Visitor: 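Could you have a look at this structure, given as structure tokens, before my questions?
In what follows, chains carry the letters A, B, and so on, assigned in the order in which the sequence lines appear, proteins first and then strands, with residues in each chain numbered from 1. Only a predicted model underlies this, so the values are computations on that prediction, with no experimental measurement involved.
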There are 2 protein chains.
Amino acid sequence: MSSDASPAPAKTPVTLRQVAASAGVSVATASKALNGQGRMTAETRERIRETAQRLGFRPNSLAQSLLRRRSFTVGLLTNDTYGRFSLPLMAGVSDALVDAGVSVFLCNVEDDMRLAQLHVEAMLDKRVDGIIATGKRIDRHLPVDLANLRIPVIYAFTQPDPDAVGFESDDAGGARLAVEHFCRLGRKRIAHVTGPASFAVVHERARAYREVLAEHGLPVAEPLLGAWSEAWGHEAVAKLFDGKAGGAGAPDAVFCGNDQIARGVIDALRERGIGVPDDVGVIGFDNWEIVAEATRPPLTSVDMNLSALGREAGLALLSLVGGQPAAPGIRKLPCRLVVRQSCGRPPGG
Amino acid sequence: MSSDASPAPAKTPVTLRQVAASAGVSVATASKALNGQGRMTAETRERIRETAQRLGFRPNSLAQSLLRRRSFTVGLLTNDTYGRFSLPLMAGVSDALVDAGVSVFLCNVEDDMRLAQLHVEAMLDKRVDGIIATGKRIDRHLPVDLANLRIPVIYAFTQPDPDAVGFESDDAGGARLAVEHFCRLGRKRIAHVTGPASFAVVHERARAYREVLAEHGLPVAEPLLGAWSEAWGHEAVAKLFDGKAGGAGAPDAVFCGNDQIARGVIDALRERGIGVPDDVGVIGFDNWEIVAEATRPPLTSVDMNLSALGREAGLALLSLVGGQPAAPGIRKLPCRLVVRQSCGRPPGG
DNA sequence: GCGATAAGAGAAAACCTTTTCCCAACCAAG
DNA sequence: CTTGGTTGGGAAAAGGTTTTCTCTTATCGC
């Protein structure tokens with residue numbers, strides 16, 4: 001075919017000036033025509049629109065940003081590149097922003113102050129409209145101070161500065177969901193195996209665990225604190241069940257601090273010939289699907305709704321950038337229990 | 001303290017004009033002083049530098065970009081938000097670019113053509129210097145055509161357009177590493193359990209597996225194709241060992257297509273009372289640390305060096321943006337065997 | 001002391017778009 | 001025929017930086 005209908009990939013982008021020249025008007029008129037501003041004959045407006053279309057004109061976002069003092073760009077700062085927490089969160093953020101035409105700079109700072117500073121300065125130089133800070137631990141600060149930045153900052157799943165807006169998952173609420181589910185199923189001796197004492201969430205979840213058991217008049221066993229690993233799940237089973245074979249004191253349910261511990265617990269129980277969920281129910285935390293679904297039986301787990309959390313954070317930043325004031329403080333978003341087969345069915349069901 | 005030494009977070013960024021006014025020179029001179037251009041007395045230059053420092057001047061990157069027609073910004077397009085492949089890759093990319101002052105727009109497009117188009121246009125409008133395309137499958141295209149974009153595009157861990165530059169891991173080489181390691185350890189009957197036939201890497205690794213066995217004069221069992229899951233690892237063990245108890249035909253080594261399959265294989269072997277690595281050695285693929293290290297015994301696995309791959313891709317894009325030509329085609333980067341305890345030690349060791 | 005040269009610094013254009021202000025023309029009313 | 005209002009469209013400034021060109025002044029050799 002000699003007539004090529006493709007939009008002719010120009011070497012250099014088409015400018016408004018070229019559109020104006022081609023349509024035989026001034027750049028001012030062209031701009032107004034394309035933005036629906038100003039007054040002109042419908043015919044002129046349409047002619048300019050068609051010309052722009054034909055030439056494949058797209059306004060230079062840099063020039064617009066310079067003028068509007070708004071870059072339609074935000075920075076996402078994280079120290080959790082490899083982790084699985086920041087990923088769904090990032091997806092949620094991006095999802096909330098893409099429809100507003102806002103792009104996201106991803107900045108992984110590890111735990112390196114120098115790198116963090118470098119990235120923040122780069123973002124500031126590029127005139128990001130705002131920053132979302134996130135990390136792998138809800139109870140730790142990023143290795144950089146974002147307090148006096150003259151652009152809005154939102155914290156998600158990481159410790160906010162005072163007077164800042166932060167979003168977190170409601171860990172205590174999530175723990176309640178799990179333990180109450182066990183109670184509803186008629187479990188009586190519910191144990192809690194969780195991570196190290198140095199994590200704030202460990203205490204928060206343990207507190208909720210104790211509260212729910214007390215509310216139901218059930219015995220409260222001291223939570224077992226260890227590591228966030230399968231190996232610790234194994235060990236914990238030994239502690240819980242040794243010397244109590246078939247026993248009076250042995251738990252009939254284990255609420256675990258994460259899915260890896262739960263996996264270790266289930267594997268250890270199977271090795272001891274203890275049936276899951278018939279003899280002992282197990283619930284995990286994080287709902288890390290690749291683990292929860294590979295567990296035998298598939299693991300019931302608390303999902304922190306991180307993607308929704310990211311969305312909320314993105315929308316909050318957008319509103320802050322738009323000039324809406326926001327009360328500082330931490331907003332907790334509810335968790336959700338994903339029921340699979342490791343916790344058993346209700347007696348009547 | 002009444003004297004506040006902090007750099008006074010200005011409500012609005014300080015401009016070069018303000019620096020110039022404060023130093024009593026023109027903007028032109030100020031610009032030249034700060035960039036080491038032009039001719040002026042060392043004293044003038046120093047005075048301007050100090051003024052800029054004192055005022056906390058940082059050049060507006062938007063204005064610079066507009067003028068230089070270079071935004072020091074690249075787009076990273078992926079359809080693998082939740083996956084573990086793109087993450088180390090992204091970290092490598094970011095790492096390679098941060099030192100050049102280049103920031104990365106993260107764009108997750110899932111498998112949505114409309115979303116992909118939207119993101120690409122947003123990036124083009126924002127005048128990114130180039131794009132890195134990555135994905136969850138090495139043998140699939142992203143849901144968008146990046147072929148005629150008038151900015152450089154590099155493909156990493158995803159199928160490149162013809163005439164484009166792509167980086168991939170050398171899967172065949174990785175498979176060789178694993179199988180040759182088994183050979184060195186004196187294993188004679190090496191099985192291969194891997195993923196579905198629809199994946200190109202399955203065939204590539206299987207071919208290498210066959211080649212190495214042939215080179216060593218060992219019997220080649222037909223690779224077992226299934227799913228990328230633990231469950232399939234279990235099943236495969238049944239297929240491999242049923243009816244061959246302690247047997248002549250049973251394998252003494254299993255090379256697995258990923259770490260999850262390997263995990264399933266090891267668990268199934270333990271359930272059968274078959275010792276790992278004493279009776280059967282196991283090697284996985286991907287070196288997904290959280291799985292490989294939780295396996296009992298810890299899993300030897302092939303690492304695709306995705307972070308290095310990301311670095312290479314980033315550097316290649318940088319050089320393309322800088323005007324250096326690059327020959328189109330696919331560059332394969334070597335894998336690396338991470339030896340843990342699931343494969344056994346050499347007879348002499 | 002004079003022309004040539006170099007040094008130091010500023011004016012202005014360029015990058016691209018948006019917006020405000022202004023101008024010319026046209027129409028209707030007085 | 002003037003006046004006042006409206007309509008269609010353009011000129012110019014703004015946003016912040018870089019770079020080229022130009023201008024002034026000082027220095028040097030003769």
Visitor: Could you give the CE-to-C1' distance, from A:M40 to D:dT7, as a whole number of Å?
Guide: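 After rounding, the gap between these two atoms is 12 Å.
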Visitor: When the distance from NZ of A:K32 to C1' of C:dT17 is rounded to whole Å, what number comes out?
Guide: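 It is 13 Å, rounded to the nearest whole Å.
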Visitor: For B:L62 and C:dC15, what is the distance between atoms CG and C1' respectively, to the nearest whole Å?
Guide: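 The distance from CG of B:L62 to C1' of C:dC15 comes to 12 Å, rounded to the nearest Å.
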Visitor: Describe the nucleic acid contact of A:S31 in one word from base, sugar-phosphate, nothing, applying a heavy-atom distance below 4.0 Å.
Guide: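 Here A:S31 touches the bases of the nucleic acid.
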Visitor: Can you tell if the side chain of B:L320 reaches within under 4.5 Å of the side chain of B:I154, non-hydrogen atoms only?
Guide: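 Sidechains of B:I154 and B:L320: in contact.
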Visitor: What's the CG-P distance between B:D125 and C:dC16, to the nearest Å?
Guide: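 It works out to 14 Å between those atoms.
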Visitor: Heavy-atom nearest nucleotide on DNA chain D for B:N60 versus A:G24: which residue maps closer to 5'?
Guide: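 First, find each residue's nearest nucleotide; the 5'-ward one identifies A:G24.
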Visitor: Ignoring backbone atoms, establish whether A:R69 has a side-chain N or O less than 4.0 Å from OP1 or OP2 of D:dG15.
Guide: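 Yes, because at least one side-chain N or O of A:R69 sits under 4.0 Å from OP1 or OP2 of D:dG15.
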Visitor: Please determine, for the side chain of A:R68, which listed nucleotide (C:dC16, C:dT18, D:dT18) has the closest atom?
Guide: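 In terms of side-chain proximity for A:R68, the closest of C:dC16, C:dT18, D:dT18 is C:dT18.
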Visitor: Can you measure from CG (B:N108) to OG (A:S94) and round to the nearest 0.5 angstrom?
Guide: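 Rounded to the nearest 0.5 Å, the CG-OG separation comes to 6.0 Å.
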Visitor: Does D:dG9 have OP1 or OP2 sitting under 4.0 Å from an N or O in the side chain of A:T41?
Guide: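 Answer yes for this pair, as a side-chain N or O of A:T41 is under 4.0 Å from OP1 or OP2.
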Visitor: Hey, is the side chain of B:R39 poking within less than 4.0 Å of OP1 or OP2 on C:dA7, counting only N and O atoms?
Guide: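 Yes, within the criterion.
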Visitor: Work out which heavy atom in A:A52 is nearest to a heavy atom in A:L34; give both atom names and the distance.
Guide: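 Taking A:A52 first and A:L34 second, the nearest heavy atoms are CB-CD2, 3.8 Å.
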Visitor: Out of D:dG15, D:dT19, D:dA12, which has the shortest distance to the side chain of A:A63?
Guide: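 Minimum distance to the A:A63 side chain belongs to D:dG15.
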Visitor: Is any side-chain nitrogen or oxygen of A:Q64 closer than 4.0 Å to OP1 or OP2 of C:dT18?
Guide: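 Yes, such a contact exists.
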Visitor: Measure from CG on B:L16 to C1' on D:dT19 and round the result to the nearest Å.
Guide: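 Result: 13 Å.
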Visitor: In whole Å, what is the span from the CG atom of A:L67 to the C1' atom of D:dG16?
Guide: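 Those two atoms, CG and C1', are 11 Å apart.
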Visitor: The side chain of A:R17 lies closest to which of these nucleotides: D:dT17, D:dG10, C:dC15?
Guide: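 Nearest listed nucleotide: C:dC15.
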Visitor: Answer yes when A:R140 and A:D80 have at least one side-chain N-carboxylate O distance shorter than 4.0 Å, and no when they do not.
Guide: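 A salt bridge is absent here (no side-chain N lies under 4.0 Å from a carboxylate O).
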Visitor: If you pin B:T29 and A:N35 to their nearest nucleotides in DNA chain C, which one's is more 5'?
Guide: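 Closer to the 5' end of DNA chain C: B:T29.
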Visitor: When you check the gap from the basic side-chain N to the acidic O, do A:R58 and B:E121 get nearer than 4.0 Å?
Guide: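 Yes, charged N to carboxylate O under 4.0 Å.
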Visitor: Remember a base hit wins even if backbone is also touched, and classify B:S65 as base, sugar-phosphate or nothing at under 4.0 Å, heavy atoms.
Guide: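 The answer is nothing, as B:S65 stays clear of every strand by at least 4.0 Å.
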